[in-house]
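Below is one structure, written out as structure tokens, with a few remarks after it.
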Protein chains: 2
Amino acid sequence: MEKNIDLTQQIVADFAEGYSNFGLNPLMGRIVGLLIISKDPQSLDDIVEKLEMSKGPISQICRRLKERGLIEKVWIPGDRKDYYQAADDIFGKAYANQINKMQDNIEIAEKYLSMAQSMDSEDAAFIKQQMKLMKSFYELMDEYNKKFVEAWEEKHKELTE
Amino acid sequence: MEKNIDLTQQIVADFAEGYSNFGLNPLMGRIVGLLIISKDPQSLDDIVEKLEMSKGPISQICRRLKERGLIEKVWIPGDRKDYYQAADDIFGKAYANQINKMQDNIEIAEKYLSMAQSMDSEDAAFIKQQMKLMKSFYELMDEYNKKFVEAWEEKHKELTE
DNA sequence: TTAAATATTTGAAAAGTTCCAAATGCTAAT
DNA sequence: ATTAGCATTTGGAACTTTTCAAATATTTAA
């Protein structure tokens, strides 16, 4: 199927750019893109072939993607190769990683808020005010993230059953 | 104020890391961190001094931060230097940029959905299904992003008036 | 237990990014 | 208009990240 090859190359490129835009290794995006549109699990060698890259980095990145819960190893009986496929609800899992990063900001705000508490000057008062704003912002964001995750769980069930 | 210098260096470092985690130039984070805790607008030379870096990259990054709406130029009468300060609701504005990036994903899903529509195979059917999921995910996310932005506008008013 | 198949790690090369110093370009005051 | 005080751009150096090829380690089947 000619079209399929072309589509694969395009989606792989788009995912690479998307991942890169969020500060992730573009190869992560390439592998995720490939696996998302692959009905059958893909071996390391399959990926090597389709992405036209050497095995080293692909092995590394697959390990990292598995750690993040974005892809899974699949056992294929009678075959000693590792096969990979996109995790169930891979988008939700990817976003969970983002949420974690955003939560770091709450802690940063709290850290400087308490530092400013123990100081006493006009500058310290200003810093306190700014850090309170920052803390409120990321706490509210976290609330809405949780609401979204809940809503998505619901919708995901609906769409996949 | 000794403590203040130390606090500045720390917050600058934390923001650099945070920005880097989201795929942005760490220098952006350093400058944003500095401006967020600075009550008074800072000239390019002030920033150069406090960040102990040369002027070239600071000029560049300030321009980019202004384009993104994260910092603003301030006019100080009788002084021909440019002064910068953190934008009002800088956190909200930073998140608006994130939201834009996430919206790209809706378009990507739509693109491959329509490509898969014009194909006809078991593989195409699978791709269609995956892209429908992707589209739903990012559409729902966008909905919740909008809800959050609204709620934050409300809260921000409350906190700053 | 061994050999074959596969995955992972490593060291070096290539590519990309960030930074500085110096040159250039603007702007505003005289 | 000219000049002084800035900001911006540019070219190349330093650093970081990514990639490959080769070596090593692991797993499985016989």
Side-chain angles (χ1 to χ4, degrees), chain A residues 9 12-35 40-68 70-85, chain B residues 9 12-35 40-68 70-85:
Chain A
Q9 297 311 315
V12 157
D14 282 343
F15 270 67
E17 195 187 333
Y19 269 63
S20 180
N21 283 339
F22 280 93
L24 301 167
N25 188 319
L27 180 50
M28 281 193 175
R30 307 223 302 145
I31 294 174
V32 164
L34 175 62
L35 293 181
D40 300 322
Q42 304 286 307
S43 71
L44 232 39
D45 284 331
D46 292 337
I47 301 174
V48 163
E49 198 187 318
K50 288 178 180 158
L51 260 35
E52 298 181 278
M53 283 188 55
S54 71
K55 220 166 178 176
I58 290 182
S59 167
Q60 267 186 62
I61 300 291
C62 280
R63 184 171 41 70
R64 286 171 59 189
L65 287 171
K66 202 165 70 66
E67 279 165 19
R68 286 168 178 256
L70 301 192
I71 69 176
E72 307 165 338
K73 276 192 186 174
V74 183
W75 173 264
I76 293 192
D79 192 330
R80 67 170 65 169
K81 286 184 188 172
D82 290 345
Y83 284 86
Y84 291 98
Q85 67 184 12
Chain B
Q9 296 312 315
V12 157
D14 282 341
F15 270 68
E17 195 187 333
Y19 268 64
S20 179
N21 283 339
F22 281 93
L24 300 167
N25 187 319
L27 180 50
M28 281 193 174
R30 306 223 303 145
I31 293 174
V32 164
L34 175 63
L35 293 181
D40 300 324
Q42 305 286 307
S43 71
L44 233 37
D45 285 331
D46 292 336
I47 301 173
V48 163
E49 198 188 319
K50 289 178 180 158
L51 259 35
E52 298 180 278
M53 282 187 57
S54 72
K55 220 169 180 175
I58 290 181
S59 167
Q60 266 186 61
I61 300 292
C62 281
R63 185 171 40 71
R64 286 170 59 189
L65 287 171
K66 202 163 71 64
E67 280 165 16
R68 287 167 179 257
L70 301 192
I71 69 177
E72 307 166 336
K73 276 192 185 173
V74 183
W75 174 263
I76 293 191
D79 193 330
R80 65 169 68 167
K81 286 184 187 173
D82 290 344
Y83 284 85
Y84 290 98
Q85 67 185 11

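Predicted model, so just to flag it, every value in this text is computed and none were measured.
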Lys73(A) has an atom NZ; how far is it from atom P of dT6(C), in whole Å?
14 Å

Length of the CD1-P vector between Ile61(B) and dT17(C), whole Å
13 Å

From the list dT8(D), dA7(C), dT9(C), which nucleotide is the closest neighbour of the side chain of Gln60(A)?
dT9(C)

Matching residue for Asp82(A) among Lys55(A), Arg63(A), Lys73(A) - test: salt bridge (charged side-chain N to carboxylate O under 4.0 Å, His left out)
Lys73(A)

What integer distance in Å separates Ile76(A):CD1 from dT28(D):P?
15 Å

Send over the distance from Tyr83(B) OH to dC6(D) C1', rounded to a whole Å.
11 Å

Taking only the side-chain nitrogens and oxygens of Arg80(B), find out if one of them lies under 4.0 Å from OP1 or OP2 of dA7(D).
no

For atom CH2 of Trp75(A) and atom C1' of dT6(C), their distance in whole Å
12 Å

If you count heavy atoms of other groups shown closer than 6.0 angstrom to NZ of Lys66(A), is the number above 12?
no

Residue Glu67(A) excluded, over 12 heavy atoms near CD under 6.0 Å
yes

Near-strand residues of residues 48-59 of chain B, defined as heavy-atom separation under 4.0 angstrom from DNA chain C:
Met53(B), Ser54(B), Pro57(B)

With the side chain of Leu44(A) defined as its heavy atoms from C-beta on, choose the nearest nucleotide among dT6(C), dT8(D), dT8(C).
dT8(C)

Report yes if the side chains of Leu24(B) and Arg68(B) come closer than 4.5 Å at any heavy-atom pair, otherwise no.
yes

Min side-chain heavy-atom separation Leu35(B)-Gln85(B) under 4.5 Å
no

Can you find a heavy atom in the side chain of Cys62(B) that is under 4.5 Å from one in the side chain of Ile58(B)?
yes

Nearest whole angstrom, please: distance from the P of dG5(D) to the CG of Asp82(B).
16 Å

Arg64(B) atom CZ is separated from dA7(D) atom P, nearest whole Å, by 19 Å

Do Arg30(A) and Ile61(A) have side chains that get closer than 4.5 Å, going by heavy atoms?
no

Distance, rounded to the nearest Å, where Lys66(A) contributes NZ and dA7(C) contributes P:
13 Å

